[in-house]
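Atoms considered below: every heavy atom in the structure, side chains included; atoms not considered: hydrogens, waters and symmetry mates. Not measured: the values here are computed from a predicted model. By convention here, the first residue in the shown sequence is residue 1.
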Amino acid sequence: MEQGYLTLETGEVFEGVLIGANKESLGEVVFNTSMTGYQEIITDPSYAGQIITFCYPIIGNYGINALDDESISPALAGVVIGDLCETPSHYQSFQKFSDKLKQAGVPGIVNVDTRLLVKTIRSRGTVKGFISKKAEASFTKDEKAPLWVDQVSTKKVQFFKNNGPHVVLMDFGYKKSILTALLAENCAVTVVPYNTPFEKIKSLDPDGVLISNGPGDPMSLQKWFPEIKKISQNYPTLGICLGHQLIALAYGAKTEKLAYGHRGGNHPVKELMTGKVKITAQNHGYVVVDNSIDEKVFNVTYRNVNDKSIEGLTHKNYQIQTVQFHPEAHPGPSDTAYILTEFVSKIASVGETRYAIK
């Protein structure tokens with residue numbers, strides 16, 4: 001291992017030791033507050049193009065197993081760690097964390113003062129960073145960000161047979177755990193590319209549609225808003241994370257970027273109907289703007305306890321529900337797993353009363 005640097009576009013330089021792939025990397029530097037679940041985090045497609053800073057001080061102590069990847073290959077730009085454990089201890093472990101990064105072509109840097117880095121991000125806002133062997137970097141302010149969703153979404157239709165209701169999962173960068181949760185509820189699932197039009201969805205004859213999580217600015221997908229609106233008007237629809245934002249935007253709302261996002265497994269969310277607080281898993285940098293929601297169209301169902309941001313919506317006329325958090329968690333608490341269960345129960349009873357195609 002050799003000396004390396006994380007240089008921020010705001011001028012701060014953090015020294016450490018390089019691990020993983022032997023290459024330089026540029027990305028948006030974000031932080032995750034989860035205490036466990038590093039394998040799921042680095043394989044979550046929603047981190048495409050980002051450099052993850054782990055707040056928890058030691059990473060790698062239980063190794064990498066064959067079960068917990070959330071995608072086939074990590075799409076993140078890099079990893080920043082305080083202390084790396086190279087001697088993992090777990091009966092399911094078959095690989096070290098650093099070897100996982102190297103295999104996936106992802107660079108990392110360890111022995112970094114992650115506490116100071118997180119404090120810097122919280123004061124500066126989310127910034128770009130550059131992992132390199134040199135303590136210098138060049139940042140282009142006006143460069144156009146790639147459409148990350150296009151890079152992580154499936155390119156072909158995939159069908160998973162089961163005996164229950166049929167769900168079309170629109171893949172904007174879905175986590176494997178969403179599919180696993182649907183299959184556990186006995187759903188037959190068809191995974192389709194994010195840009196699948198309404199007519200194609202119609203030909204698949206689903207009982208319900210799930211619009212998944214994914215990376216990037218939801219406004220970069222503006223050209224697909226009309227299709228998303230048409231789909232959600234014709235089929236019971238659940239939007240998760242990015243899917244929540246896309247549905248809101250499709251019905252005329254607006255989104256904005258948070259200073260440093262919500263990422264971790266400990267975010268408190270209040271269910272407004274019951275007053276109960278749920279602890280949720282989250283991973284997003286954008287939120288739906290509060291006063292942009294048409295109260296004649298949507299009810300706000302959940303709010304973030306910390307910053308009061310919108311965490312969930314239900315449509316007043318169509319069977320549409322959205323949540324900003326991840327009900328399937330993994331990693332994270334299972335407080336809101338009932339959301340997926342209730343969605344499946346609703347579409348299971350659709351049968352002959354299924355929405356008429358307009």
Side-chain angles (χ1 to χ4, degrees), residues 6 8 19-21 23 25-56 59-60 64 68-81 97-98 100-110 112 114 117-118 121 125-131 145-154 171-178 194 212-218 220-221 240-245 257-258 260-267 280-287 324-326 328-332:
L6 170 67
L8 304 184
I19 61 169
K23 67 178 186 181
S25 185
L26 173 69
E28 184 182 53
V29 184
V30 300
F31 62 88
N32 188 295
T33 56
S34 294
M35 297 177 67
T36 61
Y38 52 75
Q39 180 173 346
E40 296 95 315
I41 291 166
I42 66 171
T43 56
D44 183 346
S46 293
Y47 282 113
Q50 296 180 326
I51 296 173
I52 303 174
T53 304
F54 284 96
C55 294
Y56 194 68
I59 298 295
I64 298 293
D68 289 332
D69 281 0
E70 290 293 341
S71 61
I72 295 174
S73 180
L76 72 167
V79 170
V80 183
I81 298 169
F97 181 84
S98 59
K100 174 72 170 179
L101 292 183
K102 188 174 183 179
Q103 180 187 54
V106 176
I109 182 169
V110 305
V112 172
T114 52
L117 175 56
V118 171
I121 296 171
T126 301
V127 296
K128 290 180 182 177
F130 189 67
I131 296 176
L147 183 59
W148 293 112
V149 168
D150 192 55
Q151 298 186 25
V152 298
S153 177
T154 184
D171 178 17
F172 287 81
Y174 83 96
K175 291 170 60 185
K176 181 193 71 176
S177 292
I178 294 177
Y194 74 96
S212 81
N213 62 294
D217 183 349
S220 66
L221 298 158
I240 294 177
C241 200
L242 178 64
H244 154 80
Q245 298 164 12
K257 192 170 186 177
L258 292 166
Y260 43 81
H262 297 160
R263 299 177 178 89
N266 55 355
H267 290 267
T280 67
Q282 302 200 16
N283 175 17
H284 62 101
Y286 292 82
V287 290
Q324 182 63 82
F325 48 88
H326 283 264
E328 85 289 348
H330 203 255

I51 and L26: CA distance, side-chain angles, deciding distance, side-chain contact (heavy atoms from CB on, under 4.5 Å) verdict: CA-CA 8 Å; I51 296 173; L26 173 69; over 6 Å; no

Worked verdict on T126 versus E28 for side-chain contact (heavy atoms from CB on, under 4.5 Å): CA-CA 7 Å; T126 301; E28 184 182 53; 3.0 Å; yes

Verdict with supporting geometry, F172 and L221, side-chain contact (heavy atoms from CB on, under 4.5 Å): CA-CA 10 Å; F172 287 81; L221 298 158; 3.9 Å; yes

Audit row: I109, I19, side-chain contact (heavy atoms from CB on, under 4.5 Å) steps and yes/no: CA-CA 6 Å; I109 182 169; I19 61 169; over 6 Å; no

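A side-chain donor-acceptor contact under 3.5 Å links K23 to the backbone of G105. Looking only at distances, a side-chain donor or acceptor of K175 sits under 3.5 Å from a matching main-chain atom of A329. No donor-acceptor pair closer than 3.5 Å links the side chain of T114 to the backbone N or O of I81. Side-chain atoms of S25 never come within 3.5 Å of backbone atoms of G78 as a donor-acceptor pair (strictly under, hydrogens ignored).
Nearest heavy-atom pair across E40 and P331 is CB-CD, 3.3 Å. Shown here for G265 and S34, the closest heavy-atom pair between the two residues is N-OG, 3.0 Å. Taking every heavy atom of both residues into account, L242 and G214 meet most closely at CB-N, 3.5 Å. When all heavy atoms of Y286 and P218 are compared, the pair lying nearest together is CG-CD, 3.7 Å. Considering all non-hydrogen atoms of both residues, S212 and G173 come closest at OG-N, 3.7 Å. Minimum heavy-atom separation, A281 to G332: CB-CA, 4.3 Å.
H326 is not listed as a side-chain neighbour of Q282, based on a closest heavy-atom distance of 4.5 Å or more. At least one side-chain heavy atom of I121 sits under 4.5 Å from a side-chain heavy atom of V29. Under the 4.5 Å side-chain criterion, counting only non-hydrogen atoms from C-beta, F54 is in contact with I41. L8 has its side chain within reach of L117: a pair of non-hydrogen atoms, C-beta onward, lies under 4.5 Å apart. Between D217 and K257 the shortest side-chain heavy-atom distance does not fall below 4.5 Å. H284 is not listed as a side-chain neighbour of S46, based on a closest heavy-atom distance of 4.5 Å or more. Within the 4.5 Å cutoff, side-chain heavy atoms of P215 are placed close to those of V149. Contact annotation: the side chain of V30 never approaches that of T53 to less than 4.5 Å [non-hydrogen atoms, C-beta and beyond].
Of the N and O atoms on the side chains of N283 and D44, at least one donor lies less than 3.5 Å from an acceptor on the other residue. Under the 3.5 Å distance criterion, with hydrogens and angles disregarded, no donor-acceptor pair is assigned to the side chains of H262 and H267. If you check the side chains of Y47 and N32, you find a donor sitting under 3.5 Å from an acceptor. D171 and T154 share no side-chain donor-acceptor pair at under 3.5 Å. For the residue pair H330 and E328, no side-chain donor N or O sits within less than 3.5 Å of a side-chain acceptor on the partner. For the 3.5 Å distance criterion, the side chains of Q245 and Q324 qualify, holding a donor opposite an acceptor.
Within the model, atoms CD1 of I64 and CD of Q39 stand 4.0 Å from one another, a figure rounded to the nearest 0.5 Å.
D150 pairs by the side-chain contact (heavy atoms from CB on, under 4.5 Å) definition with L147, K155, Y194, not counting sequence neighbours.
Only one option out of I59, D69, L101 pairs with I42 in a side-chain contact (heavy atoms from CB on, under 4.5 Å); it is L101.
Note on ring orientation: taking the six-membered ring where Trp is involved, the planes of F97 and Y38 are perpendicular (angle over 60°, cut-offs 30° and 60°).
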